[in-house]
Number of protein chains: 2
Amino acid sequence: MKTTVYKNHYIQACIDNPGSIFKNLKIGEQEVLVKNHSYAHYHKGEIIFKEGEKPPGLISLASGKVKIFKEGVGGREQILRMVKPAGILGFRALFAGVAYSASAIAIEDSTICIIEKDALFKLVRESPELSLKIIKMLSYELGFSNNRTVSLTQKHIRGRLAESLLVLKDTYGFEKDGKTIKAYLSREDIANLSNMTTSNAIRTLSTFAAEKVIAIDGRKIKILDPLKLNRISTLG
Amino acid sequence: MKTTVYKNHYIQACIDNPGSIFKNLKIGEQEVLVKNHSYAHYHKGEIIFKEGEKPPGLISLASGKVKIFKEGVGGREQILRMVKPAGILGFRALFAGVAYSASAIAIEDSTICIIEKDALFKLVRESPELSLKIIKMLSYELGFSNNRTVSLTQKHIRGRLAESLLVLKDTYGFEKDGKTIKAYLSREDIANLSNMTTSNAIRTLSTFAAEKVIAIDGRKIKILDPLKLNRISTLG
DNA sequence: CCAACGGTGTGTTTTATAACATAATAAGTA
DNA sequence: TACTTATTATGTTATAAAACACACCGTTGG
């Protein structure tokens with residue numbers, strides 16, 4: 001089956017999504033976004049941007065899933081956050097007026113919309129509502145980052161992995177069964193999200209499965225006992 | 001010697017500081033801040049706000065030094081950032097419209113100005129320049145937090161401590177000698193900034209001193225070899 | 001067809017760092 | 001002044017998690 005996709009399909013999807021920061025913008029303002037954007041497709045595993053590059057504009061994810069990560073000591077990758085459709089990426093560097101300090105890779109086939117920098121800044125200057133939404137969004141991200149700093153440094157392996165599974169669940173939600181996390185990461189990505197080695201991620205996932213907290217079927221992870229998973233996460 | 005302090009001395013100091021987000025505001029806008037603020041003094045060690053409380057407004061540090069920290073597993077404290085005069089605190093919770101997710105304690109005698117919430121939001125709505133400055137400031141903080149997440153999780157003790165000393169230097173600068181860090185933290189605070197135990201902070205500081213990278217005299221820390229300290233920090 | 005390869009899974013060893021213990025010193029405080 | 005109490009210092013032990021090693025898939029491709 002071939003799906004016909006109209007010219008402004010992707011940007012409209014970004015704007016209309018209930019979670020979008022562009023939702024509820026005036027028609028004229030939405031028009032500015034439509035007129036000043038471009039889009040691009042990425043296959044699973046492809047790089048969207050790399051640490052050190054300069055942001056050409058604000059990127060909004062139209063479809064797919066993206067990981068944002070930094071390379072640390074010895075090239076070891078730490079995933080900072082996961083992006084879902086209508087989420088934006090590269091905004092920090094753009095707003096701070098600096099180069100990207102993290103990289104973005106599609107972990108599923110993805111489509112992005114790039115809103116041209118000057119048009120966006122003009123819009124922000126003219127719309128206090130948009131400004132406040134961006135301020136709120138940045139505040140949320142900062143809180144998330146602060147939380148992660150403490151969790152990743154203080155919690156033990158089990159707590160860190162449990163928290164990461166909950167983060168994935170909160171970001172991407174469940175499949176129709178209400179149990180399967182709607183995200184299929186490699187064990188390595190799960191490890192890089194949880195600040196541990198791949199072997200330890202695999203090992204600890206197995207332990208969780210043996211304890212009937214989760215069920216594993218390849219990359220499919222089912223949360224069987226959400227309360228217990230929460231308890232493991234909070235107790236560290 | 002008694003120093004006479006006029007009614008608006010503190011808020012004016014916050015506004016006029018070159019690093020302030022309120023610098024370059026129009027006279028009328030500055031007037032709003034002056035008319036809608038209160039101030040308070042805190043002694044070294046006193047709590048300014050606690051995790052869970054609701055922010056009454058935006059706090060700007062008029063004088064002194066403040067640590068922002070979160071309590072993690074088993075009440076273990078992780079310092080997220082250090083605030084210097086004209087820096088603001090509690091902004092994240094205020095802008096996100098939620099309770100504080102971290103606590104603030106004065107590590108020196110400090111004076112804060114509290115800018116009343118509604119007046120501030122009105123100002124933000126009316127001034128795109130202020131909005132953009134706040135967006136930029138939040139972006140900077142988010143970048144800082146992301147960096148710290150990776151450093152604190154991946155670097156070894158020596159690297160973490162070296163980085164923390166550099167963070168203190170970058171925040172508070174040097175004394176007139178151009179070497180002594182203008183901040184006198186307890187070993188415990190240094191440890192909580194660097195994600196390590198107090199004993200390890202003490203031990204590693206001693207090692208740095210033995211290696212002539214720093215010189216210690218009580219709480220006074222002199223950076224003798226900035227290049228080597230940088231190298232220790234970046235190599236992890 | 002088999003080889004090569006990326007991803008998974010599991011056991012063993014090593015090590016960085018926390019946890020613990022105990023002084024020694026400094027700083028308040030009665 | 002002496003008496004607590006906090007802070008700094010250092011040595012020892014225990015342990016969580018990395019590092020390493022190897023085996024087992026399922027794919028891809030020559």
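Numbers restart at 1 for each chain; the letters A, B, ... are given by sequence-line order, proteins then strands. From a predicted model like this one, the values you see are computed outputs, not experimental measurements. When reading the values below, keep in mind they use all heavy atoms of this one structure, side chains included, and skip hydrogens, waters and symmetry mates.
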Under 4.0 Å between a side-chain N/O of [X] and OP1 or OP2 of [N], yes or no?
X: Arg219(A); N: dT8(C); answer: yes
X: Thr197(B); N: dA18(C); answer: yes
X: Arg158(B); N: dA16(C); answer: no

Find which nucleotide of DNA chain C each of Arg203(A) and Asn195(B) is nearest to by heavy atoms, and output the residue with the more 5' nucleotide.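 Mapping each residue to its closest nucleotide by heavy atoms, the 5'-most match is Arg203(A).
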What nucleotide among [options] has an atom nearest to a side-chain atom of [X]?
X: Ser206(B); options: dT10(D), dT10(C), dA17(D); answer: dT10(D)
X: Glu188(A); options: dA18(D), dG7(C), dT10(D); answer: dG7(C)
X: His156(B); options: dA18(D), dG7(C), dT17(C); answer: dT17(C)

State whether a side-chain donor-acceptor pair under 3.5 Å links Thr153(A) with Thr153(B).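 Not at all, the side chains of Thr153(A) and Thr153(B) share no donor-acceptor pair under 3.5 Å.
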Whole Å only: how far is the NZ atom of Lys155(B) from the C1' atom of dT17(C)?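 So the NZ-C1' distance, Lys155(B) to dT17(C), works out to 18 Å.
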Given atom CG of Asp217(A) and atom P of dG9(C), what is their separation to the nearest angstrom?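 That distance rounds to 10 Å.
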dG6(C) base / Arg187(A) side chain donor-acceptor hit below 3.5 Å: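 Donor-acceptor pair under 3.5 Å: no.
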Parallel, tilted or perpendicular: which fits the ring planes of Tyr10(A) and His41(A), with parallel below 30° and perpendicular above 60°?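 Judged by the thresholds at 30° and 60°, the geometry between Tyr10(A) and His41(A) is perpendicular.
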Could you tell me whether Glu175(B) and Lys222(B) make a salt bridge, using a distance below 4.0 angstrom between a side-chain N and a carboxylate O?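 No.
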Using a 3.5 Å distance criterion without hydrogens, assess whether the side chain of Ser20(A) forms a donor-acceptor pair with backbone atoms of Cys14(A).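 Yes, the answer is positive, given that a donor and an acceptor are paired below the 3.5 Å cut-off.
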